[in-house]
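Before any comments, here is the structure.
In this text, all values refer to a predicted model and were calculated from it rather than measured experimentally. Below, all heavy atoms of this structure are taken into account, side chains as well, without hydrogens, waters or symmetry copies.
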Amino acid sequence: MKAVQLSRYSAGLEGLACVDIDEPPAPGDDEVTIEIDASPIHPADLLSLAGGYATPPPLPLIPGGEAAARILAVGPDVAGLAPGDRVIPLSRGNWVERRTVPLGDVIAVPDGDPLQLAMLKVVPATAHLMLTSIVELPQGSAVIQNAANSSVGLAAIRLARRMGVTMINVVRREELIDELVAYGAGNVVLDGDELEDQVRSVFADGEIRLGLDAVAGSASLRLSECLSHGGTMVSYGLLSGEPCQLRPNRAIFEGLKLTGFWVSQYIANAPRAELEALYADLGKLVNDEVISAPIEATYPITEAREAITHAGGFKRSGKIMILPNA
């Protein structure tokens with residue numbers, strides 16, 4: 001069967017190849033064999049290929065942070081799952097046709113569009129948890145986010161609306177404004193030196209309690225300047241590759257706080273029942289198209305290098321997917 005294998009960390013993909021490997025073993029007592037339908041290429045995947053994401057694991061490895069899959073076979077002691085059931089794997093290593101994994105590595109989700117469900121583990125969960133677990137957001141308060149056109153940003157727009165919270169959306173290119181408005185976003189502003197003035201013009205003197213920063217660098221400084229006294233900025237992405245910036249007088253005298261969020265850490269520590277409830281609820285929202293992300297292109301696993309190059313391009317209008325069993 002086919003798999004994408006990484007043998008050397010490199011931004012130029014020199015160590016990446018689509019190779020033939022053995023079929024996975026039959027599932028043991030508490031294992032399942034899954035077939036991968038679709039796997040998105042996230043910025044975290046691109047950083048991982050270069051060895052720049054979290055703690056790089058030993059090589060060689062099969063990349064791919066998340067996916068949508070179906071159960072092919074279950075072990076003798078597995079209850080509650082059967083062949084044909086839709087699941088998402090919680091572990092990495094999804095750019096492969098089939099895998100055998102421990103039962104605890106998969107979560108059952110409602111059946112639906114595999115391209116959208118392939119992003120369920122990271123995208124809507126990240127947006128939901130940042131909006132609900134960092135600070136209290138009463139109705140009438142506001143959240144500001146950069147990279148608002150990203151898949152996480154789009155999910156946050158829809159989820160904030162359901163919460164009765166105002167979302168202020170910052171983008172880096174002017175042509176993205178009309179796209180976000182068409183998606184249903186309000187308060188869309190262009191990033192730049194005048195960001196704070198723009199934000200105040202659309203939100204007056206309201207309280208902005210939370211900032212969601214996917215970019216870092218000078219973009220995080222501009223975002224933080226829009227927060228109200230005592231506000232919290234959450235760093236969850238490294239798009240610029242630069243350190244987060246925050247004026248010390250705002251942290252010292254105005255109580256501004258900077259924290260980080262990584263959904264993988266949440267998944268590793270959350271009780272199983274909590275994870276199952278979270279993904280059941282989010283899966284329903286995805287299938288009801290309350291949460292959705294545009295898909296720009298899909299590639300078979302044999303064209304993984306082309307897919308990754310496409311995903312690394314700056315001006316995209318949607319997610320790039322690898323379809324291992326296309």
Tightest non-hydrogen contact, residues Val123 and Ala155, listed as CG1-CB, 4.2 Å
* Do you know which two heavy atoms are closest between Ala185 and Asn169, and how far apart they sit? ->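 It is CB-ND2, 3.8 Å.
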Would one find more than 12 heavy atoms of other residues, nucleotides or ligands at under 6.0 Å from atom [atom1] of [X]?
X      : atom1 : answer
Arg173 : CZ    : yes
Asp22  : CG    : no
Glu254 : CD    : yes

Tell me, please, which residues at least two apart from Arg98 pass salt bridge (Lys or Arg N to Asp or Glu O under 4.0 Å).
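Once residues adjacent in sequence are excluded, the partners of Arg98 under the salt bridge (Lys or Arg N to Asp or Glu O under 4.0 Å) criterion are Glu23, Glu35.
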Among residues at least two apart in sequence or on other chains, which ones pass salt bridge (Lys or Arg N to Asp or Glu O under 4.0 Å) with Glu174?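 Glu174 satisfies salt bridge (Lys or Arg N to Asp or Glu O under 4.0 Å) with no residue once adjacent residues are dropped.
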**Report entry** Stepwise side-chain contact (heavy atoms from CB on, under 4.5 Å) check, Val109 with Val87
**Finding:** CA-CA 5 Å; Val109 296; Val87 295; 5.8 Å; no
**Report entry** Ser91 and Arg99: side chain donor to acceptor below 3.5 Å
**Finding:** yes
Note to self: Checking side-chain polar atoms at under 3.5 Å, does Glu66 have a donor or acceptor matched by the opposite partner on His42?
What the structure shows: yes
Is it true that [X] and [Y] make a salt bridge, defined as a side-chain N closer than 4.0 Å to a carboxylate O?
X      : Y      : answer
Arg247 : Glu225 : yes
Arg222 : Asp213 : no
Asp111 : Arg70  : yes

(request) Could you check Leu323 against Leu115 for side-chain contact (heavy atoms from CB on, under 4.5 Å), going step by step and ending with a plain yes or no? (result) CA-CA 9 Å; Leu323 308 183; Leu115 298 185; 3.7 Å; yes
Exercise. If you draw the axis of the six-membered ring of Tyr299, does the NZ or CZ of Arg305 fall within 45° of it and under 6.0 Å from the ring centre?
Worked result: no
Counting C-beta onward and ignoring hydrogens, is there a side-chain heavy-atom pair between Val32 and Val78 closer than 4.5 Å?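 Sidechains of Val78 and Val32: in contact.
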Q.
Before you tell me yes or no, could you show the steps for Glu296 and His310 under side chain to side chain donor-acceptor pair (under 3.5 Å), namely the whole-Å CA-CA distance, both residues' side-chain angles and the distance that decides it to 0.1 Å?
A. CA-CA 10 Å; Glu296 180 165 308; His310 189 169; 2.6 Å; yes
* Donor-acceptor pair, Lys121 side chain versus Leu90 backbone, under 3.5 Å? ->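 Side chain of Lys121 to backbone of Leu90, a donor-acceptor pair under 3.5 Å: yes, one is there.
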So the side chain to side chain donor-acceptor pair (under 3.5 Å) pairs with at least one residue in residues 271-283 (sequence neighbours excluded) are Tyr266-Glu274, Arg272-Glu276
Measuring from atom CD1 of Ile88 to atom CE of Met119, what distance do you get when rounded to the nearest 0.5 angstrom?
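Here the rounded value is 12.0 Å.
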- [ ] Run the numbers on Ile208 and Val199 for side-chain contact (heavy atoms from CB on, under 4.5 Å), then give the verdict.
- [x] CA-CA 10 Å; Ile208 305 177; Val199 168; 3.7 Å; yes
Under the side-chain contact (heavy atoms from CB on, under 4.5 Å) criterion, do Gln145 and Ile168 qualify, and how do the steps go?
CA-CA 6 Å; Gln145 65 169 346; Ile168 302 166; over 6 Å; no
